[in-house]
Visitor: 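My questions will all concern the structure given below.
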Amino acid sequence: MTSSLACSVDPLLQANYQSFPPSHRCKTHRRPFHRREDLRRLLNQSRNCQQLLQIHAHIIRAGLASGDHADTSLLYHLLRLYSSFSRLDLASRLFRLLPNPSTFAFNLMIRAQTAAGEPIRSLRLYNRMIFSGVSPDKFTFPFVVRSCAACFDAAKGKEVHAFAIKTGFWRDPFLLNALISLYFSCGDAADGLRVFEKMRVRSVVTWTALVSGLLACGDLAAAQAAFDAMPERNVVSWTVMINGCARNGRPEEAFTLFWRMLKENQNPNSYTMVGLLIACSELGSLSLVRWVHDFARKNGMLKRGFYIGTALIDIYSKCGSIGEALKVFDEMPVRSLATWNSLITSLGVHGRGKEALELFREMEKKELMPDGITFVGVLCACARSGMVEEGLKLYKIMKEDYKIESGVKHYECLVELLNSVSIQGKPAELSSELSTSAQQMLVNACIAYGENKAMDMD
DNA sequence: CTAGGGTTAG
């Protein structure tokens, strides 16, 4: 029974087909599907990745995955669905097995790689596409330019730009808008502006890309002028401008823009709220944070997503209200790593080290991968709550178990840890306070920190 | 299958 699957190339899928419990397999499908229409219908109805894998197995069994009867449209459909479920791993496996990947297949993969935060792979794929003689189309170029932007590679962007001109896509608005963002985000304002000026039809998106680019270069005045000159504005344009003011030391203007936006009947969304919260942190006004929070709640923006919640935790804490930060965390429907990091850091800063560590443990239990920022949070929490031994133990865990490189921030926390020993009035002989291995680690850390500052403190 | 905008360390 395995033979028909075995020739089908991918052990993962073979194992997958076999791993379905017989009951499940039989209930939905008595026997493998052979008809393309059935398979297509199933693909259209699929709600999760498990189902996709199952259908994939059926496609293979029906002999439609390779050879003379390969049904490329089915496979491309499947490829699209894998990437829409953010399963880059499965998409790449499938992609590798396609006999002659079409432009469409390459486009899907190039886009999926960038979306997964792998812009370099995305660019490599583009190179391979060109090299193997598959012609790019109008979809390809915007994806590739966005990958260049993610790599801050303006030179590669120019190459792609040139090739797009050569192949006749020089006036594609999707490409040109992407190029504006690319050049500005690489600090190349002159080229960004040149693209903008050459465009004959400028959509809201084009204008917004310009405003956003000018803000990224810190040119608030030019951005403001461009914003005022826009023929029409939408939520994104307003949000970009609000965010830009908030991040460039003009929090009041961020709010002024927000009132204007409401007056012009533009509906703000969660992106807008985050911009306002950044402005709040600049203003340090707890009541204003509460107002924004309330506005977001009343407009149903807290029911999904984690950006507003994460920003709220950070800002409530910075405005002194750790209680409200905790409440936000508890009520969040979804959390990201940054959400956890934010609360851990907040608790630490507020001297509630024990709770910070509890939260860290809970995170580990949930098999959420901590990162360098998490450890800055826990180490700082330990330092401020005088938990020296725990701090050093965590530092060790960070390096040995999680293989996270320590950066300057981590060393700073270690120095603070050391300080906290003397703050507590225990004179600087760490010997009485720390285990031998802890002492050794501390010494090593201080040496690695590169200066004797740390040692001088005791 | 296309575009422009967001969270955490300091």
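So you know, we letter chains A, B, ... as the sequences are listed, proteins then strands, and number each from 1. Worth saying up front: this structure is predicted, and the values here are computed from it rather than measured.
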Visitor: Over all strands shown, is A/V236 touching base, sugar-phosphate only, or nothing at heavy-atom distances under 4.0 angstrom?
Guide: base

Visitor: For the pair made of CD in A/E416 and P in B/dG10, what is the distance, rounded to whole Å?
Guide: 9 Å

Visitor: So A/I313, base contact, sugar-phosphate only, or nothing? Heavy-atom distance under 4.0 Å.
Guide: nothing

Visitor: For A/S102 and A/Y76, test the side chains for any donor-to-acceptor distance below 3.5 angstrom and give the result as yes or no.
Guide: yes

Visitor: When the distance from CG of A/L379 to P of B/dG10 is rounded to whole Å, what number comes out?
Guide: 11 Å

Visitor: In whole Å, I'd like the distance from the CG atom of A/L257 to the P atom of B/dG5.
Guide: 18 Å

Visitor: Output the rounded distance in Å from CZ (A/R233) to C1' (B/dG4).
Guide: 15 Å

Visitor: Is any NZ, NE, NH1 or NH2 atom of the basic residue among A/E362 and A/K366 found under 4.0 Å from an Asp or Glu carboxylate oxygen of the other?
Guide: yes

Visitor: Inspect the contact between A/D401 and A/K396 and indicate whether a charged nitrogen and a carboxylate oxygen are less than 4.0 angstrom apart.
Guide: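 Salt bridge absent between A/K396 and A/D401.
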
Visitor: Within the 4.0 Å heavy-atom criterion, would you say A/S346 contacts the bases, only the backbone, or no part of the nucleic acid?
Guide: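 A/S346: no heavy atom of the nucleic acid under 4.0 Å.
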
Visitor: Mind checking A/N234 for me? I need base, sugar-phosphate or nothing, with any heavy atom below 4.0 Å counting as a touch.
Guide: base

Visitor: Between A/E282 and A/G249, what is the shortest heavy-atom contact and its length?
Guide: OE2-CA, 4.0 Å

Visitor: To the nearest Å, give me how far apart CG (A/L359) and C1' (B/dT8) are.
Guide: 13 Å

Visitor: Let me know the distance between CH2 of A/W340 and C1' of B/dA9, rounded to the nearest Å.
Guide: 19 Å

Visitor: Select one nucleotide: of B/dG6, B/dT8, B/dG4, the one nearest the side-chain heavy atoms of A/A209.
Guide: B/dG4

Visitor: Under 3.5 Å, which protein N or O atoms sit close to an N or O of nucleotides 1-3 of chain B? Give each pair with its distance.
Guide:
residue : atom : partner : partner atom : Å
B/dC1   : O3'  : A/R111  : NH1          : 3.3
B/dC1   : N3   : A/N107  : ND2          : 3.3
B/dT2   : OP1  : A/R111  : NH1          : 2.9
B/dT2   : O4   : A/K138  : NZ           : 2.6
B/dA3   : N3   : A/N177  : ND2          : 2.7

Visitor: Check this for me, if you would: do A/K327 and A/D330 make a salt bridge, where the nitrogen-to-carboxylate-oxygen distance has to be below 4.0 angstrom?
Guide: no

Visitor: Have a look at A/S212 and say if it touches a base, only the backbone sugar-phosphate, or nothing, with a 4.0 Å heavy-atom cut-off.
Guide: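 Sugar-phosphate, no base atom in range.
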
Visitor: Using a 4.0 Å heavy-atom cut-off, does A/V211 contact any base of the nucleic acid, only the sugar-phosphate backbone, or nothing at all?
Guide: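 Nothing, no heavy atom under 4.0 Å.
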
Visitor: A/F184 CZ to B/dG4 P: how many Å, rounded?
Guide: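 To the nearest whole Å, that distance equals 15 Å.
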
Visitor: Enumerate the residue pairs fulfilling salt bridge (Lys or Arg N to Asp or Glu O under 4.0 Å) with a member in residues 157-184 of chain A, sequence neighbours excluded, ordered by first and then second residue.
Guide: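 Applying salt bridge (Lys or Arg N to Asp or Glu O under 4.0 Å) to every pair that reaches into residues 157-184 of chain A, excluding sequence neighbours, yields A/K156-A/E159, A/K158-A/D188, A/K158-A/D191.
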
Visitor: Does the gap between the ring centers of A/F196 and A/W207 come in under 6.0 Å?
Guide: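 Ring centroids of A/F196 and A/W207 are less than 6.0 Å from each other.
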
Visitor: Starting from P on B/dG4, measure out to CG on A/L210 and report it in whole angstrom.
Guide: 14 Å

